[in-house]
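Have a look at the structure below, then the notes.
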Amino acid sequence: MRIVTLLISITMLLPAVLSGQHHYERIGERLDTVTIRPNELSVGIRSAVFFRNNEYDARYQKGYTLPGARITAFAAYTLPAASGVRLSLGLSTLRYWGASRYPAGVAYADLPYWTDHGDYVRLRLLPHVQATLKPSPATELTLGTLVGGSAHELVEPIYNPELDLTADPEMGVQFRGDWQRFRMDAWVNWMSMIFKNDRHQEAFTFGVSTVTRLHSGERWRLELPVHAIATHRGGEYNWAQQDTVHTWMNAAGGLRLSYRPFSQKPTIFWGSVYALAALSSGGHFPYERGVGVYGSLGLELEHFSFRSDYWHGYQYVSPFASPFANALTFGMKPTANRSADYVRLYGGYSHRFGQAVALSAEAHVWFHPADSWTMSHALELTMRISPSFLIAVL
């Protein structure tokens with residue numbers, strides 16, 4: 001036991017315990033602080049073909065495998081208004097090899113009333129409709145399909161990046177801004193609407209993610225990130241739904257310090273610490289108040305990435321959280337654990353082939369200190385191919 005503890009401690013103190021380009025960063029989805037060029041007609045494809053294997057400690061969560069692909073094909077046209085308007089129309093699909101049910105991932109297991117086990121479909125196609133207005137080069141308003149998932153840059157005890165591989169595209173309204181000292185992302189993801197006598201609940205999520213740059217020098221950078229997300233189940237028309245209204249709120253605030261030792265090399269050491277809180281109503285989960293602390297150390301390199309994280313939560317519950325952040329286990333029904341903690345080690349490799357192709361591989365290892373340092377792990381390989389083609393300038 002002492003040897004294991006010593007090895008973990010030494011590993012956490014290794015060269016900033018290496019982390020870098022998170023391969024979930026999706027091509028072309030960062031806010032461009034430029035004007036949209038008008039009168040362009042183009043087509044594009046965003047695709048991610050992936051294979052992820054999760055071998056989890058069954059006492060916390062059973063393991064599962066995600067082999068599949070997510071593909072969105074669209075045509076886009078830009079108009080001259082303000083700093084630009086873009087309308088994108090197309091189709092999006094998520095397919096798991098060897099599965100017919102959708103969604104097939106367990107990410108929805110902690111979103112009650114959302115997974116319909118009677119919905120047996122061969123292929124699910126969803127419309128991709130996105131209208132984007134740039135009031136200024138630094139701001140962007142989006143209606144329809146949002147720039148969502150891990151692009152919100154929420155910490156993992158609030159939002160699990162693996163949802164990029166399992167969740168529906170987010171739909172609703174979103175405002176993003178990127179100024180010299182402040183960056184923000186605010187959105188409403190409307191997951192389910194209802195009509196009279198529907199047997200499911202209305203479901204939507206509201207979120208805010210901000211970063212304040214307290215100091216931004218050539219080598220040192222100090223940032224203040226603040227994240228909040230609220231998930232709601234309810235609706236006034238669900239007369240057939242024999243349940244109460246549920247709302248879960250999660251918030252995080254912290255500091256992130258980064259250091260760039262070489263001006264000519266993409267090498268960045270960083271560390272961050274967050275305090276988190278959870279608040280809920282409706283009585284679905286056993287805890288309505290919870291707190292947690294989350295710390296990370298890392299190093300960003302050009303291709304390789306490594307990091308370590310420590311999490312400890314007390315009565316903390318987040319519907320979208322990473323696997324072991326909740327003070328619950330998910331089997332046949334949620335079981336209360338009161339507290340949850342883990343040490344996570346991460347290593348990854350990513351490489352871009354031009355602007356349209358990215359290949360990445362990653363490995364995760366979780367240790368559970370409160371359970372005699374039992375171990376869980378995950379391996380993933382992902383290729384993202386996202387070409388775009390200019391058809392004409394009209």
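The two residues L379 and A363 come nearest to each other via the heavy atoms CD2-CB, 3.5 Å. Nearest heavy atoms, G271 versus L297: CA-CD2, 4.1 Å. Residue D371 comes nearest to T374 through the heavy atom pair O-CG2, 3.0 Å, listed as atom of the first residue, atom of the second, then distance. Nearest approach of N326 to A340, heavy atoms of both residues: O-CB, 3.4 Å. The nearest pair of heavy atoms linking P127 to L91 is CA-CD2, 4.3 Å. Among all heavy-atom pairs drawn from A48 and R384, the shortest one is CB-NH1, 3.3 Å.
By the 6.0 Å contact criterion, CZ on R37 is open, its count of non-hydrogen atoms from other residues, nucleotides or ligands being 12 or less. For M184, the CE atom counts as densely surrounded, since its 6.0 Å shell holds more than 12 non-hydrogen atoms of other residues, nucleotides or ligands.
Side-chain N or O atoms of S47 include one that pairs as donor or acceptor with a backbone N or O of I385 at under 3.5 Å. For T139 (side chain) and S136 (main-chain N/O), a donor-acceptor pair under 3.5 Å exists by modelled atom type. Side-chain atoms of H227 do not come within 3.5 Å of backbone N or O of A252 as any donor-acceptor pair. R213 places no side-chain N or O within 3.5 Å of a backbone atom of E223 that could act as its donor or acceptor partner. When atom types are taken as modelled, the side chain of D178 and the backbone of A138 share no donor-acceptor pair closer than 3.5 angstrom. Side-chain N or O atoms of S318 include one that pairs as donor or acceptor with a backbone N or O of I158 at under 3.5 Å.
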Show me the donor-acceptor pairs within less than 3.5 Å that the side chains of residues 141-149 make with the rest of the protein, sequence neighbours left out.
unit_1, atom_1, unit_2, atom_2, d
T145, OG1, V129, N, 3.3
T145, OG1, V129, O, 3.4

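F367 is listed as a side-chain neighbour of V365, based on a closest heavy-atom distance under 4.5 Å. Using a 4.5 Å cut-off on side-chain heavy atoms (C-beta onward), F269 and P261 make contact. Looking only at side-chain heavy atoms (C-beta outward), V43 and I391 come within less than 4.5 Å of each other. Between V85 and K134, the closest side-chain pair of non-hydrogen atoms is not below 4.5 Å. Considering only heavy atoms from C-beta on, S92 comes within 4.5 Å of P169 through its side chain. Contact annotation: the side chain of W311 never approaches that of W366 to less than 4.5 Å [non-hydrogen atoms, C-beta and beyond]. For the pair S308/Y346, no side-chain contact is recorded, criterion being any heavy-atom separation below 4.5 Å from C-beta on.
Hydrophobic clustering keeps L390 apart from L394 (ILVMFWY residues linked when any side-chain heavy atoms are closer than 4.5 Å, directly or through intermediates). There is no path of hydrophobic side-chain contacts, each under 4.5 Å, that joins V273 to V226. Taken together through direct or relayed side-chain contacts under 4.5 Å among Ile, Leu, Val, Met, Phe, Trp and Tyr, V173 and F206 form part of one hydrophobic cluster. One hydrophobic cluster, built from ILVMFWY side chains closer than 4.5 Å, holds both Y310 and M375. Put simply, V317 and V291 are part of two different groups of oily side chains (I, L, V, M, F, W, Y) that touch within less than 4.5 Å, one to the next.
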Q | Residues R344, E156; criterion salt bridge (Lys or Arg N to Asp or Glu O under 4.0 Å); working and verdict | A | CA-CA 11 Å; R344 194 270 297 266; E156 293 190 13; 3.3 Å; yes

Q: Determine, step by step, whether T267 and L299 satisfy the side-chain contact (heavy atoms from CB on, under 4.5 Å) criterion, reporting the C-alpha distance in whole Å, the side-chain angles of both residues, the deciding distance to 0.1 Å, and the verdict.
A: CA-CA 7 Å; T267 302; L299 167 64; 3.5 Å; yes

Q: Could you walk me through whether T205 and F320 pass side-chain contact (heavy atoms from CB on, under 4.5 Å), step by step?
A: CA-CA 10 Å; T205 298; F320 292 101; 3.7 Å; yes

**Q.** Trace of the side-chain contact (heavy atoms from CB on, under 4.5 Å) decision for L126 with D168
**A.** CA-CA 9 Å; L126 296 175; D168 275 338; 3.6 Å; yes

Q) Between V155 and L276, is a side-chain contact (heavy atoms from CB on, under 4.5 Å) present by the stated rule, with each step listed? A) CA-CA 10 Å; V155 291; L276 290 94; 4.2 Å; yes

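From Y64, atom OH reaches atom CG of L66 across 6.0 Å, with rounding to the nearest 0.5 Å. Rounded to the nearest 0.5 angstrom, I71 CD1 and R95 CZ are separated by 11.5 Å. We find the CH2-CD1 distance between W248 and I229 to be 12.0 Å, quoted to the nearest 0.5 Å. Remark: E55 CD to H364 NE2 distance equals 14.0 Å, nearest 0.5 Å. Distance check, rounded to the nearest 0.5 Å: CG of L154 to OG of S322 gives 11.5 Å. We find the CG-CG distance between N160 and L163 to be 5.0 Å, quoted to the nearest 0.5 Å.
Between N54 and the options E162, K62, H377, a side-chain hydrogen bond (donor to acceptor under 3.5 Å, both in side chains) holds for only E162.
Take H128 and apply the ring pair (Phe, Tyr, Trp, His ring centres under 6.0 Å) test, not counting sequence neighbours, and it matches F74. Legend: residues meeting ring pair (Phe, Tyr, Trp, His ring centres under 6.0 Å) with F353, ordered by chain and number and at least two apart, are H351. Looking at residues two or more places apart in sequence or on another chain, you find a side chain to side chain contact (heavy atoms under 4.5 Å, CB included) between S272 and R256, W270, Y274, S296. Listed by chain and residue number, nothing satisfies the ring pair (Phe, Tyr, Trp, His ring centres under 6.0 Å) test with F50 (two or more places apart in sequence, or in another chain). Considering only residues two or more places apart in sequence or on other chains, P80 meets the side chain to side chain contact (heavy atoms under 4.5 Å, CB included) condition with P38, N39. Y259 is linked by a side chain to side chain donor-acceptor pair (under 3.5 Å) to nothing, counting only residues two or more places apart in sequence or in another chain. Qualifying side chain to side chain contact (heavy atoms under 4.5 Å, CB included) partners for T78, counting only residues two or more places apart in sequence or in other chains: I36, E40, R86. Contacts of T65 classified as side chain to side chain donor-acceptor pair (under 3.5 Å), with partners at least two apart in sequence or in another chain: N53. Taking S376 as the reference, H368 meet the side chain to side chain donor-acceptor pair (under 3.5 Å) condition, with sequence neighbours excluded. Not counting sequence neighbours, F51 has no partner by the ring pair (Phe, Tyr, Trp, His ring centres under 6.0 Å) test.
In the model, S360 has no side-chain atom that pairs as donor or acceptor with a side-chain atom of E362 under 3.5 Å.
Applying the ring pair (Phe, Tyr, Trp, His ring centres under 6.0 Å) test to pairs two or more places apart or on separate chains, those with a residue in residues 166-193 are H152-W187, W190-F204.
Ion pair E153/R183 flagged as a salt bridge, since at least one NZ, NE, NH1 or NH2 atom sits closer than 4.0 Å to an Asp/Glu carboxylate oxygen.
For Y56 and F324, the ring centers sit closer than 6.0 Å to each other.
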